[in-house]
Amino acid sequence: MQGHEVIIAGAGPTGMMLAGELALAGVDVAIIERRLNQDVEGSRASGLHPRAIEILDQRGIADRFLAQGKKHYAVAVAGMIVDASDRPTRHNYTLGLWQEKIERGLAGWISELAVTVYRGCELRTFVDGGEYVEIKMADGRALRCSYLVGCDGGRSRVRKMAGIRFPGSDPQTSYLIFEAAMADPPLGIRYGERGLYALGRFDDGPRVRGVATETQLERGESPDEEALKIALAAGYGSDLGVNDVTWVSRFTDAARQAESYRKGRVLLAGDAAHVHSPVGGQGLNVGMQDAVNLGWKLAQVVKGISSDALLATYHEERHPVGAALLEQTLALTALNRGDDRTTALRGLMAKVMQMDEPRKWYTATMSGLDIRYGDEGTHPLLGRRMPDLDISIGDGQGPARIFELLHEARPVLVNFGTPGSLSIGRWGRVRLIDARFEGVCELPVIGTVPSPSAVLIRPDGHVAWVGDGTDAGLVDALGTWCGD
């Protein structure tokens, strides 16, 4: 029986990001994917938010995506366009880039890392035997792995077979998203009693990409053109002469989250762990963040560097992020209705978003830049993502960026104090850098914070320890996050 250390079900953005993280750490990882290639039906997700771009930058591959996309320095909320250009990040924009191009970029990256992908295959069953997971595929083949990760979408077979509960709110409304031709479309957003309608040019060409709210809750993944015409007629008074429909898909405002992101040797990430309305465009981005949080932890456990306890922190850190995401999308969905009360609420929100503090809070939340793991610490950096500071490295190595130090997905201890004053002891995997920083350290919403004397940065870019001029607490932090 063929085996791998980790097998991932699903070669979407989450699955491929996770595979890349594991491969960088030297883990034998494989993906099972039912598609024969990386083709995506329809345009799907439409872009990358700042934190997702930072994640790609941390691995040295952001330029592959930036070259193909369009930068937007604003975010939308309840029909308003809110300026977001002052977010303190090198990537203070949303990158407009369709999901197919995102997937092809990630597929190229994991190919360079020699990740095995079983294409045209589908996971049928699996058994967690305690010491390993045995998988049977639809074609009869069997695989064995130490850990199985379900990145197989909202209807995840892995989640269902593992018996992980998926509680949440049932859908109240269904929507159709589509690509088609229209002679003279009324571009923009309008609000109906049940939800919104929106039409925009697809890639600035003659075709239209749109969203229409259905007159009643419908289910099923394969709506037809007639269903689209009915939904358009309800919102616009006619079907707008829609024709040449090349893609139409249905989604709802259901919001559900896996009760646990792990059960034994089975883990979940991305849509398999949380489903919600696509309003705000967060799903793909949060899935990639799940993958980067999980990847280095799972790699250290597989390699025997850390104990199994490290994997518990994946659920502890990412489950609250997923819960906040569901709450946010429920709120944004409610703002999309067209009754008098909701219209008045949108007007109130418009006034609130003209104020600097609410605007900065909202744009940081939507971008994923405000996430903090764990309780508030003695320094504002603790638990938050490390800003991409411009630094000077000792020993004549010259200028560098913090993110450049993370390309290998290894922990990094950056000492801004006296060179040679810190030691990594027995933690040889940790990269120790003596550096100088003379600028300002700024965090989203919080603003300028005191420059640390040293920081221990996890492979996912979050700060695990902040120095106060001494090495107090450093050994404990190394033991917790970098293994014994």
Side-chain angles (χ1 to χ4, degrees), residues 10 12-14 40-52 69 72 75-81 94-103 151-156 166 168-179 189-192 194-200 202 208-214 217-223 227-228 231 235 247-257 269-290 321-337 362 365-368:
T14 301
V40 175
E41 183 185 9
S43 48
R44 299 287 173 180
S46 60
L48 295 168
H49 293 177
R51 183 53 189 156
H72 301 279
V75 299
V77 52
M80 298 171 285
I81 302 300
T94 299
L95 185 70
L97 191 65
W98 297 118
Q99 182 168 332
E100 182 173 14
K101 292 183 178 180
I102 296 171
E103 290 202 16
C151 299
D152 52 341
R155 293 176 172 81
S156 171
F166 202 45
S169 61
D170 291 330
Q172 295 183 354
T173 308
S174 58
Y175 309 81
L176 299 179
I177 185 169
F178 64 94
E179 296 167 14
I189 296 175
R190 66 173 58 188
Y191 299 94
R194 292 176 58 81
L196 64 75
Y197 300 80
L199 297 173
F202 184 67
V208 170
R209 185 178 194 259
V211 175
T213 304
E214 296 191 277
L217 176 63
E218 302 286 355
R219 301 177 185 270
E221 291 185 294
S222 303
L228 174 59
W247 176 58
V248 59
S249 182
R250 177 177 286 125
F251 66 90
T252 73
D253 59 352
R256 295 187 176 279
Q257 185 179 24
D271 290 351
H274 39 75
V275 296
H276 49 85
S277 164
V279 61
Q282 299 238 62
L284 180 150
N285 292 269
V286 173
M288 290 175 63
Q289 293 169 41
D290 287 346
V321 173
L325 171 63
L326 264 62
E327 185 176 79
Q328 183 185 84
T329 54
L330 285 172
L332 292 175
T333 299
L335 283 170
N336 284 337
R337 293 170 182 153
Y362 182 77
T365 297
M366 292 299 290
S367 63

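Between the side chain of D152 and the main chain of G10, no donor-acceptor pair closer than 3.5 Å is present. Looking only at distances, a side-chain donor or acceptor of R194 sits under 3.5 Å from a matching main-chain atom of Q172. Of the possible donor and acceptor atoms, none in the side chain of S367 sits under 3.5 Å from a partner among the backbone N and O of H49.
Annotation: side chain of H276 is in contact with side chain of L325 (closest heavy-atom distance under 4.5 Å). The shortest distance between side-chain heavy atoms of F178 and L199 falls below 4.5 Å. Side-chain contact between R209 and I177 is present, with at least one heavy-atom pair separated by less than 4.5 Å. Taking 4.5 Å as the limit, some side-chain heavy atom of N285 sits within range of a side-chain heavy atom of L48.
In this structure, CD1 on I102 lies 5.0 Å from CG on L97, to the nearest 0.5 angstrom.
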Exercise. Starting from the C-alpha separation in whole Å, work towards a yes-or-no answer on side-chain contact (heavy atoms from CB on, under 4.5 Å) for Q282 and T329.
Key: CA-CA 9 Å; Q282 299 238 62; T329 54; 5.6 Å; no
Exercise. Check the pair T333 / Y175 against side-chain contact (heavy atoms from CB on, under 4.5 Å), numbers first and verdict last.
Key: CA-CA 11 Å; T333 299; Y175 309 81; 3.5 Å; yes
Quiz item: Can V275 and F251 be said to form a side-chain contact (heavy atoms from CB on, under 4.5 Å), step by step?
Solution: CA-CA 10 Å; V275 296; F251 66 90; over 6 Å; no
Quiz item: How far apart are the C-alpha atoms of T173 and T213, what are their side-chain angles, what is the distance that settles it, and do they pass the side-chain contact (heavy atoms from CB on, under 4.5 Å) test?
Solution: CA-CA 7 Å; T173 308; T213 304; 3.5 Å; yes
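Counting heavy-atom neighbours within 6.0 Å of R190 CZ, excluding the residue itself, gives a total above 12.
Between F202 and E179 the shortest heavy-atom distance is CE1-OE2, 3.8 Å. Across M366 and Q328, no two heavy atoms sit closer than the pair SD-OE1, 3.3 Å. Residues C151 and T14 come closest through the heavy atom pair SG-CG2, 3.9 Å. Scanning both residues, R250 and A227, for their nearest heavy atoms gives NH2-CB, 4.4 Å. Residues W98 and S46 come closest through the heavy atom pair CZ3-CB, 3.3 Å. In terms of heavy-atom proximity, P171 sits nearest to D253 at CA-OD1, 3.2 Å.
Inspection of the E218 and S174 side chains reveals no N or O donor paired with an N or O acceptor under 3.5 Å.
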